[in-house]
Protein chains: 2
Amino acid sequence: MEIKTAVPLLAALAQESRLAIYRTLVAAGSGGLAVGRIGEQLQVAPATLSFHLKELSHAGLVTSRQEGRFIYYSANYTAMNELLAYLTENCCAGQPCTPAPPCCNPPCD
Amino acid sequence: MEIKTAVPLLAALAQESRLAIYRTLVAAGSGGLAVGRIGEQLQVAPATLSFHLKELSHAGLVTSRQEGRFIYYSANYTAMNELLAYLTENCCAGQPCTPAPPCCNPPCD
DNA sequence: TCCATGATTCTATGATTATCGAAATATTGA
DNA sequence: TCAATATTTCGATAATCATAGAATCATGGA
């Protein structure tokens, strides 16, 4: 991963509402959650929520799919795993020190 | 870790200059690097560099020690490991999926 | 004590970001 | 087609952030 890729990912997570949204989606599993359900859980106004989902989506941390009137958002585990790998890169002067990539790879549900 | 703790850590890393600084310090190992050396490597003006180091330091991602006229900054591996643990928490609907915390714990140089 | 060097603080400026009300768009069922 | 519901876009506002020149502070050597 390039630094130019990592910065937008980190920026997307570096905001309380968005981190909460992301974690809610992570906890929800790969089925995802409709926008309205996220809003209910986190008490965020629709326009604000939409703004943050767009940010997360643009960063590649979440994906969406339409189902009838609902749009389901779900966490993209791969993006997070790549970010974690980037952050732990060179952590010991170039010596590999993590045998396996952290977290779920492949996603486990 | 609380979300209120994680956000400032992520925000500190979510900026190209700071992420570059942090990674330079990670690569430098626990001995750290004097401010001037960091500036040389990354081509950042002293005032700007000082601003970013303060941010990283305030977030707890780096520590500093004075040695004569020089101030050496070094990466705080523990803070990063705690952040990584937080980000991977609940990643599989609450099932633990990472046997050991990612990266160096304890730091290996 | 004075000077040179390393680093930080002050200050101003331009840019980006978060929030949310109101309006617009999209989909479904009647 | 029309009404109801779900979500997004628009627009305005307030707040935060990044940058760097100039001034200041701290340390060590002459």
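Basis for what follows: all heavy atoms, side chains included, without hydrogens, waters or symmetry-related copies. A note on names: the letters A, B, ... follow the listed sequences, proteins ahead of strands, and every chain is numbered from 1.
With sequence neighbours excluded, the residues that form a side chain to side chain donor-acceptor pair (under 3.5 Å) with A:Y86 are B:R23. Take B:E2 and apply the side chain to side chain donor-acceptor pair (under 3.5 Å) test, not counting sequence neighbours, and it matches no residue. Taking B:E67 as the reference, B:R65 meet the side chain to side chain donor-acceptor pair (under 3.5 Å) condition, with sequence neighbours excluded.
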With a cut-off of 3.5 Å and sequence neighbours excluded, list every side-chain donor-acceptor pair involving residues 38-57 of chain B.
unit_1: B:E40; atom_1: OE2; unit_2: B:R37; atom_2: NH1; d: 3.1
unit_1: B:H52; atom_1: ND1; unit_2: B:R18; atom_2: NH1; d: 3.1

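Residue A:A11 is the one, among A:G68 and A:A11, whose nearest nucleotide of DNA chain C lies closer to the 5' end (criterion: closest heavy atom).
Atom P of nucleotide D:dC17 and atom CZ of B:R18 are separated by 9 Å, given to the nearest angstrom. Rounded to a whole Å, the CD atom of A:E55 is 9 Å from the C1' atom of C:dA18. Counting to the nearest Å, the P atom of D:dT27 and the CZ atom of B:R65 are 16 Å from each other. Note: CG (A:L42) to P (C:dT19) measures 12 Å, nearest angstrom. At whole-Å resolution of the value, CG in A:L56 and C1' in C:dA18 are 14 Å apart. Nucleotide C:dA26 holds its P atom 10 Å from the CD atom of A:Q66, rounded to whole Å. Here the C1' atom of nucleotide C:dA15 and the CD atom of B:Q15 are 12 Å apart, to the nearest Å.
Comparing atom distances between the A:S17 side chain and each of C:dT27, C:dA18, C:dT19 picks out C:dT19 as nearest.
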Any N/O pairs under 3.5 Å between the protein and nucleotides 7-12 of chain C? List them or say none.
unit_1: C:dA7; atom_1: OP1; unit_2: B:V35; atom_2: N; d: 3.2
unit_1: C:dA7; atom_1: OP1; unit_2: B:I71; atom_2: N; d: 3.3
unit_1: C:dA7; atom_1: OP2; unit_2: B:G36; atom_2: N; d: 2.7
unit_1: C:dT8; atom_1: OP1; unit_2: B:Y73; atom_2: OH; d: 2.7
unit_1: C:dT8; atom_1: OP2; unit_2: B:S50; atom_2: OG; d: 3.0
unit_1: C:dT8; atom_1: O5'; unit_2: B:S50; atom_2: OG; d: 3.1

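Close to D:dT19, at under 4.0 Å from its OP1 or OP2, lies a side-chain N or O of B:H52.
Its side chain within the 4.5 Å cluster rule, A:F70 clusters with A:Y72 among the Ile, Leu, Val, Met, Phe, Trp and Tyr residues.
Under the side-chain contact (heavy atoms from CB on, under 4.5 Å) test applied with B:L83, the options B:L61, B:L13, B:T5 reduce to a single match, B:L13.
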